[in-house]
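Encoded as structure tokens, the structure appears first; notes follow it.
It should be emphasised that the depicted structure is a prediction, and the values quoted were computed from it without experimental measurement.
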Amino acid sequence: GILAAIAIPVFLNQRKKGYEASEKSDLRTVANEMETYFTDNQSYPATLSQAARVVTISTGQTVTVSQNNTIALAQTGNSGFCLTAVNSNIGTTVNWVYDSLGGGLKKGTSAACSAASLYA
């Protein structure tokens, strides 16, 4: 019983770290595609859609994300973008964001994105 009391919380914490690692990986992948879109079009896409595990950045530009991950576009503009990630195994709260103007990956909610005025 003592070993279980120690091992179970450690195991659950390691699972959470694994889910968060998948969120961060997916955010980086989608951010890379956003930059590719910018290179081709000289602007960032205004919307992002996700059906099942496929995130569509533009026609023909898709990314398959990890199971139970949802990637959303929080803010966008001519100078940058901010993406959010949620893993349903952890909950419904945003755990990680990718802020192109704020240095990349950040822990926290979409409030961790740069000021909205920076994206105008």
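- Partners of Asp40 according to the side-chain contact (heavy atoms from CB on, under 4.5 Å) rule, which considers only residues two or more places apart in sequence or in another chain, are Thr36.
- The ring pair (Phe, Tyr, Trp, His ring centres under 6.0 Å) test applied to Tyr44 returns Phe38, Phe81, not counting sequence neighbours.
- Summarising the geometry of Val97 relative to Ala112, their closest heavy-atom pair is CG2-CB, 4.0 Å, with the distance given to 0.1 Å.
- Nearest heavy-atom pair, Arg53 versus Gln67, reported as atom, atom and distance to 0.1 Å: NE-N, 3.6 Å.
- Trp96 and Leu48 fall within a single hydrophobic cluster, where Ile, Leu, Val, Met, Phe, Trp and Tyr are joined by side-chain heavy atoms under 4.5 Å apart, directly or via other members.
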query = After noting the C-alpha distance and the side-chain angles of Asn78 and Ser43, does the key distance pass the side-chain hydrogen bond (donor to acceptor under 3.5 Å, both in side chains) rule?
reply = CA-CA 5 Å; Asn78 290 332; Ser43 66; 5.4 Å; no
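- Legend: residues meeting side-chain contact (heavy atoms from CB on, under 4.5 Å) with Val63, ordered by chain and number and at least two apart, are Thr29, Val30, Glu33, Ile57, Val65.
- Minimum interatomic distance between Leu101 and Leu118 (heavy atoms only, all atoms of both residues): CD1-O, 3.5 Å.
- At a threshold of 4.5 Å between side-chain heavy atoms, the hydrophobic network of Ile, Leu, Val, Met, Phe, Trp and Tyr places Leu83 and Ile90 in two separate groups.
- A ring-ring contact (aromatic ring centres under 6.0 Å, His included) check over residues 100-120, counting only residues at least two apart or in different chains, returns nothing.
- Taking the side chain as every heavy atom from C-beta outward, Thr56 and Gln61 never approach each other to under 4.5 Å.
- A disulfide bond (SG atoms under 2.5 Å apart) check over residues 71-120, counting only residues at least two apart or in different chains, returns the pairs Cys82-Cys113.
- If you take NZ on Lys107 and NZ on Lys24, they are separated by 8.0 Å, rounding to the nearest 0.5 Å.
- The two residues Glu23 and Asn95 have their closest heavy-atom pair at OE2-ND2, 3.3 Å.
- When the side chains of ILVMFWY residues are joined at heavy-atom separations under 4.5 Å, either directly or via intervening members, Leu105 and Val55 end up in a single hydrophobic cluster.
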Under 3.5 Å donor-acceptor pairs involving side-chain atoms of residues 69-77, not counting sequence neighbours:
| residue | atom | partner | partner atom | Å |
| --- | --- | --- | --- | --- |
| Asn69 | OD1 | Asn87 | ND2 | 2.6 |
| Asn69 | ND2 | Ser22 | O | 3.4 |
| Asn69 | ND2 | Ser22 | OG | 3.2 |
| Asn69 | ND2 | Asp26 | OD2 | 2.7 |
| Thr76 | OG1 | Pro45 | O | 3.3 |

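- The distance from atom CZ of Arg15 to atom CD of Glu20, rounded to the nearest 0.5 Å, is 13.5 Å.
- With rounding to the nearest 0.5 angstrom, the CE atom of Met34 is 10.0 Å from the OG atom of Ser58.
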